[in-house]
Number of protein chains: 2
Amino acid sequence: METRPDIGREAGDTEPEGLTPGARKILDAAGALFYERGITAVGVDLIAKEAGTTKKTLYDRFGGKDALIAAYLRERDRRWRSWLTSWVDTRAPGTGTGAGPGERLLATFDALAEWTRQHNPRGCGFVNAAAELPDPAHPGRRVIDEQKLWLRGYLYELAVAAGADEPDRLADELALLHEGAVVLRGLAVVDDPVARARALAAQSLERALSRPRYGVPPTADTPPGDRSA
Amino acid sequence: METRPDIGREAGDTEPEGLTPGARKILDAAGALFYERGITAVGVDLIAKEAGTTKKTLYDRFGGKDALIAAYLRERDRRWRSWLTSWVDTRAPGTGTGAGPGERLLATFDALAEWTRQHNPRGCGFVNAAAELPDPAHPGRRVIDEQKLWLRGYLYELAVAAGADEPDRLADELALLHEGAVVLRGLAVVDDPVARARALAAQSLERALSRPRYGVPPTADTPPGDRSA
DNA sequence: GGGTAGGTAGACCGATCGGTCTACCGGTAG
DNA sequence: CTACCGGTAGACCGATCGGTCTACCTACCC
């Protein structure tokens, strides 16, 4: 179990807080089981068995199921943030390029599309977890709140950088579209909800950039038909 | 001697009062407990105790926990549909009034706002239930799918009646906003997400109605029954 | 009266829940 | 060599899980 690049984790990931090999296996197994079958429905015996370890190791390394749930959410949050920011920085470097100022905001939807395609057949793991953790004092709830606040803040930063009129409003709207898209991805009511959300986001963006704050001339937006096959 | 556990009524049943008093109390208690604490976390013993009945009555009336879950979802679905349609019909009668053609579509967001204020402190009950029912064969899953498809179809009908350009697209977009709003209502990241969603819906609506399909002026109502694609 | 429906009360079942425990084993650092 | 660390193996705990069962009661209708 040496650290080998790009196996289960994304590029640029760093091993969080030096997990022992047993703890790593447990966290991986818990991550898959919690997301696929639900948190409450998965017992610690099954996690230990699936990880090829024992409950002893689980309790020695994590302390209990609640702490393991929080660790699972932290891990998922860390991967999602890394995925999103690296995607945006790579595909829409911005600042001086010929692309429109809203390119980086729209790129978040492309990142989401690929993320859901790879890791999200059952909707947002954080929304699902919130459904199972009604107790506000549960350690996992803090991770969930942080994740949602972080995304909204990230969208706000991008909105400000793009020179959007009313960046607060734009960030709220795009956060709304992100959540709606990832939730409808889990259900089967709209096909390609992320693409729909992106198109609607482009429309919202167009309006927000047509009246920039500091007199920056409105530039041509990226065409909505920009989507790659 | 056991009565038939077919009380989990089929779709098309409009009467909630085929229920015996004991079954009614159980369904009420289960509805509150399932939504507030999560489905898996709530046991049948607690439901029977909270309802002031016994497990015997629960199993005689509903057959088992899975059937009770489906009955709970059906009940919630029925209330939501009734709430939404009656709100729209009352506050936005449409067809011949002086209001705009998209008034009924926007009214769905007002209905949602009031619904969430009254019944939805923890987000969408169906999304939460879907998170806890990963098995596609679970009887509750069918109810969830029907609920989401119904809303999307209802929005589509309203979009067609309003004479929207691309009613499929508009229905998808509004469904997206509905889901995003109700999910973010459960979390605490955006204040008044329903209002944000309504504003964005109004914007989407404005565009969809500015280019009606057959050259009808945007202020005129297109007669319903338009089913061409 | 008899039959039946709906209900209450509560014992009981095997399985599983989260969590703790002792005992042993291999590697490694002082 | 010894001490310790991380792990394996598995017994064990009380509680609770979904579900079944017997027994008895009341009310209503033929």
Side-chain angles (χ1 to χ4, degrees), chain A residues 1-3 15-30 33-34 37-73 129 132-135 137-140, chain B residues 1-9 15-30 33-34 37-73 129 132-135 137-140:
Chain A
M1 285 317 149
E2 297 77 26
T3 34
E15 188 74 48
E17 58 208 47
L19 292 176
T20 63
R24 180 75 260 166
K25 288 192 293 182
I26 288 172
L27 195 51
D28 287 343
L33 289 170
F34 281 156
R37 306 191 194 181
I39 292 176
T40 313
V42 169
V44 286
D45 295 270
L46 178 61
I47 294 172
K49 181 186 167 192
E50 206 76 5
T53 66
T54 63
K55 280 203 290 182
K56 178 73 160 51
T57 302
L58 192 156
Y59 279 88
D60 284 348
R61 295 301 117 212
F62 295 94
K65 190 185 181 182
D66 287 334
L68 179 60
I69 291 168
Y72 148 65
L73 291 171
E132 298 205 64
L133 305 178
D135 180 11
H138 193 284
Chain B
M1 203 52 66
E2 302 295 335
T3 53
R4 302 180 54 79
D6 61 351
I7 314 293
R9 311 188 300 279
E15 297 307 315
E17 296 311 325
L19 295 177
T20 64
R24 181 75 262 165
K25 289 192 293 182
I26 289 172
L27 195 51
D28 287 343
L33 289 170
F34 281 157
R37 306 192 195 180
I39 292 175
T40 314
V42 169
V44 286
D45 294 273
L46 177 61
I47 294 173
K49 181 187 167 191
E50 206 76 6
T53 66
T54 65
K55 279 204 290 183
K56 177 72 160 52
T57 303
L58 192 157
Y59 279 89
D60 282 349
R61 295 300 115 211
F62 295 95
K65 189 185 182 181
D66 287 335
L68 179 60
I69 292 169
Y72 148 66
L73 291 171
E132 297 205 65
L133 306 178
D135 180 11
H138 193 285

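Every chain is numbered from 1, with letters handed out A, B, ... down the list of sequences.
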Name the residue closer to the 5' end of DNA chain D, choosing between A/T57 and B/A41 according to the nucleotide with the nearest heavy atom.
-> A/T57
Select base, sugar-phosphate, or nothing to describe what A/T20 touches, counting heavy atoms under 4.0 Å on all strands.
-> sugar-phosphate
Any chance you could list the contact pattern along nucleotides 20-29 of chain C? Use B for base contacts, S for sugar-phosphate-only contacts and - for none, protein heavy atoms under 4.0 Å, 5' to 3'.
-> BBB-------
Closest heavy-atom pair and its distance - [X], [Y]:
X	Y	answer
A/F62	A/A67	O-CB, 3.1 Å
B/D66	B/P139	O-CG, 4.0 Å
B/G52	B/K25	O-NZ, 4.1 Å
B/G64	B/Y59	CA-CE2, 3.6 Å

Taking atom [atom2] of [N] as reference, at what distance in whole Å does atom [atom1] of [X] sit?
X	N	atom1	atom2	value
B/I26	D/dG18	CD1	P	14 Å
B/L58	C/dG10	CG	C1'	16 Å
B/D66	D/dG19	CG	C1'	12 Å
A/I69	C/dC17	CD1	C1'	13 Å
B/R24	C/dG6	CZ	C1'	17 Å
B/R61	D/dG19	CZ	P	17 Å
B/L33	D/dC17	CG	P	12 Å
B/I39	D/dG18	CD1	P	12 Å

Kindly state which residues belonging to residues 45-52 of chain A come within less than 4.0 angstrom of DNA chain D, counting heavy atoms of the residue only, listed by number.
-> A/G52
Atom [atom1] of [X] and atom [atom2] of [Y]: how far apart are they, to the nearest 0.5 Å?
X	Y	atom1	atom2	answer
B/D60	B/T53	CG	OG1	10.5 Å
A/T54	A/I26	OG1	CD1	7.0 Å
A/L68	A/F34	CG	CZ	4.5 Å

Quiz: residues 39-49 of chain A side-chain donor-acceptor pairs under 3.5 angstrom, not counting sequence neighbours:
residue, atom, partner, partner atom, Å
A/T40, OG1, A/E132, OE1, 2.7
A/D45, OD1, A/K55, NZ, 3.2

Want to settle it: does B/K25 or A/V44 sit nearer the 5' end of DNA chain C, counting the closest nucleotide to each?
-> B/K25
Among C/dG6, C/dG19, D/dG19, which nucleotide sits nearest the side chain of B/P21?
-> C/dG6
